[in-house]
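Report on the structure given below.
Just so it is clear: chains get the letters A, B, ... in the order the sequence lines come, proteins before strands, and each one is counted from 1. Below, all heavy atoms of this structure are taken into account, side chains as well, without hydrogens, waters or symmetry copies.
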Protein chains: 2
Amino acid sequence: MPGTLSVIPGNYSGLPVIFTEAMEKQKTIKDIAQALGISTSTVSRALRDAWDVKAETKKAVKALAEKFNYEPNRLAISLLKRQTHTIGVIIPNLDYVLATMVKGIDEVALEAGYTVMVCQSDESYGREIVNTNRLLDSLVDGFIFSVSSETKVYEHIKKIQAKKKPLVQFDRVVNAIKTPIVRLDNIEGGYQATKHLIEQGYKKIAILAGPENLNISNKRMEGFEKALREHDIKLNKHFSIHCDFNQQYAYEATRELLNTRNRPDAIFTISDRMAIGAMLAIKEKKLNMPMDIGLVGFNNEPVTNLVTPSISSVEMFAFEIGKAAAKRFLEVLHSEEDLSDQEIVIKPKMVVRESSRRIPLKDIS
Amino acid sequence: MPGTLSVIPGNYSGLPVIFTEAMEKQKTIKDIAQALGISTSTVSRALRDAWDVKAETKKAVKALAEKFNYEPNRLAISLLKRQTHTIGVIIPNLDYVLATMVKGIDEVALEAGYTVMVCQSDESYGREIVNTNRLLDSLVDGFIFSVSSETKVYEHIKKIQAKKKPLVQFDRVVNAIKTPIVRLDNIEGGYQATKHLIEQGYKKIAILAGPENLNISNKRMEGFEKALREHDIKLNKHFSIHCDFNQQYAYEATRELLNTRNRPDAIFTISDRMAIGAMLAIKEKKLNMPMDIGLVGFNNEPVTNLVTPSISSVEMFAFEIGKAAAKRFLEVLHSEEDLSDQEIVIKPKMVVRESSRRIPLKDIS
DNA sequence: TTTAATTCCGATAACCTTGCCGGGAACGTT
DNA sequence: AACGTTCCCGGCAAGGTTATCGGAATTAAA
């Protein structure tokens, strides 16, 4: 009763609660049916404009639904239909690149009427498992996945497949699991960066890569090696360094690298954050960039354009990758076809800045 | 039947499908009950270790549940209990600060057994409404909210309250809605930044603020004015500039500002991204920082420490704010108390860097 | 021997919605 | 008059789980 003083069960505050219109319990089709003296089935059909219900009845039902502020209970429908219109997104963190990708996913999902549950594993294998299980029994309709750098065992991902949930991998993918994939052409990215350095006259090029089980890192390294081979530069194994995927480690690794007798004259890092770390070490050594040493990062984050000197980097179109991943997910969800052997591969683009431009632009033409 | 060749309905691929153990449909308590010749009620109680079921029966039930790989259907439970263990998080974007806050929210939520649905409105009022409604009928248990800069009408937020869903505002809050709040002490932040500039000898200080309806912007401005008043510096209204919350606009505004006859000798921007924009304009004018002009940003994003000169900024402890918001949300959810007039206010901390340090450190002591 | 307490379990309703089936009424066709 | 159609609606089951109630069987107390 609107405006009536009353005490609701579960209210232990001791205070009486005033029921107002807005506070009343959510109405259901049952309420509408009761008020109109018809059955719930008819109400349900009327609301969905079924052909077999009189126009007059429809009007009455819809009017009352409006008045009651009726909204269907999605949980009940989800339970019945066995789908929740929810996509689980598992990502290792929320740095610039991933956040941009999530933005892309979000955009497409929203458009298609899906809601996204984002869980970040914080690069931790354990949390990735917890998150996966949590989403799995929250009954998401499927997953868009990017593995953490710590993950080496994939049982939790196989579990998704065992439950026949659609699954798309993006960005940091693992090939041991057969799924549709949306990713950058990382070999090409590494190749472009390295080739650029060679063309600028650098001869002793080092690479700062990530953990050894990280696919994207290995692929970029592959491109790096390919470029060296093509230009007949011998691979120096001391110049291939694996370190953790962050600024601090890159800084330390670079410091060490610059202290060796035969130090490199250029460094390619597989992320911009690592490039920043390298830059700090280079500045500390008072080396001139790009003359004494060249530097190329990866991701083309805005920060690369703000530091001095600005850092060359490889644009990876994160937003596009996110959108493509979501689109591919929806395709998997709605089509009967098996897309699990298909990859969507985005081409990267080298962006040259001060940190690696020895030859002025005018001298090239 | 495991291993049996069969055709499942809805399989239009033309190929027969091999049923394996892993692919079988999810078992329910009904299946367990049937297999054991007991009722579902007993299975349900046994699984939850109720006192009124024989130890022997419990053991049998649990063993079979294990073997069947049983997992309760959360949807059914949610429908029954009217709670989903899901928190809706509405944010205007996923930049560094918000992403860090989301990380904090995520951390606490995960710990407490809640899953987070993050929706970014992209600073758009319309999308904020869509997202709110979407989450509202996805039946999240409540909301942790940060309004977009475009939002001036709050009906969609009131709708949350009308449905009696717990609601906590954080960071970008609006006072027109009475809810528990977790936020930075923005007045104090603006005050600290401005006071610091004054102490460094700057006399003509301008502020680059955000849109006029943005609470955090206005509060930081209030602190700015308070510091000026305290030091008997007259407010120059040409030095208080509202512009959009991004780098480009800040750049343009600063350019204009520096071209006036009586240009300021210091600029306080209410975000680091705006500080970057200002810095670019300053560099373009070939003015020396900090000698000709001082600059202080807000948020203390990592980039402030990477550019040259490094930019002073106000640390806002985003991760802590996120954690506090989630904790407060859980309190609201679980306690009967009305916390809607309570604010949790985090103190900011001024971080001095090159862009505003005219007086060397040694000269102070 | 009757009464009371204890131990264990099943039936039923409830949460909310949809889909299938069937059935009554009105109409038209042979 | 008998049959087939069309139109409109209600009943029931299903989706998976839990809470409440009551009842049967066993043991303990009077």
Can you see if the side chain of [X] gets near the phosphate of [N] - specifically, an N or O under 4.0 Å from OP1 or OP2?
X	N	value
B:Thr42	C:dC9	no
A:Thr40	C:dT18	no
B:Tyr70	D:dT17	yes
A:Ser44	C:dT18	yes

Starting from [atom2] on [N], measure out to [atom1] on [X] and report it in whole angstrom.
X	N	atom1	atom2	answer
A:Glu71	C:dT17	CD	C1'	15 Å
A:Ile29	C:dC16	CD1	C1'	7 Å
A:Leu36	D:dC8	CG	P	16 Å
B:Gln34	C:dG10	CD	P	13 Å
A:Arg74	C:dT17	CZ	C1'	12 Å
B:Ile38	C:dT7	CD1	P	20 Å
A:Leu79	D:dT18	CG	P	13 Å
B:Leu80	C:dT17	CG	C1'	15 Å

Would you call A:Glu111-A:Lys327 a salt bridge at under 4.0 Å N-O? no
Distances under 3.5 Å between nitrogen or oxygen atoms of protein and nucleotides 20-25 of chain C:
none

Any side-chain heavy-atom pair from [X] and [Y] closer than 4.5 angstrom?
X	Y	value
B:Thr28	B:Gln34	no
B:Asn133	B:Lys159	yes
A:His156	A:Thr151	yes

Looking across every strand, which nucleic acid part, if any, lies under 4.0 Å from A:Ser78 by heavy atom: base, sugar-phosphate, or nothing? nothing
First of B:Trp51 and A:Arg48 reached from the 5' end of DNA chain C, by closest nucleotide: B:Trp51
Between B:Val53 and A:Ile77, who's closer to the 5' end of DNA chain C by nearest nucleotide? B:Val53
Side chains of B:Asp122 and B:Ser124 only: does a donor on one sit below 3.5 Å from an acceptor on the other? no
Short side-chain donor-acceptor distance under 3.5 Å, A:Arg45 and A:Ser41: no
Run the numbers on A:Glu56 and A:Lys59 for salt bridge (Lys or Arg N to Asp or Glu O under 4.0 Å), then give the verdict. CA-CA 5 Å; A:Glu56 195 184 334; A:Lys59 227 175 76 183; over 6 Å; no
Closest approach to the side chain of A:Lys81, judged atom by atom: which nucleotide of C:dC15, D:dG10, C:dT18 is it? C:dT18
Among D:dC9, C:dC16, C:dG10, which nucleotide has an atom closest to any side-chain atom of B:Ser39? C:dG10
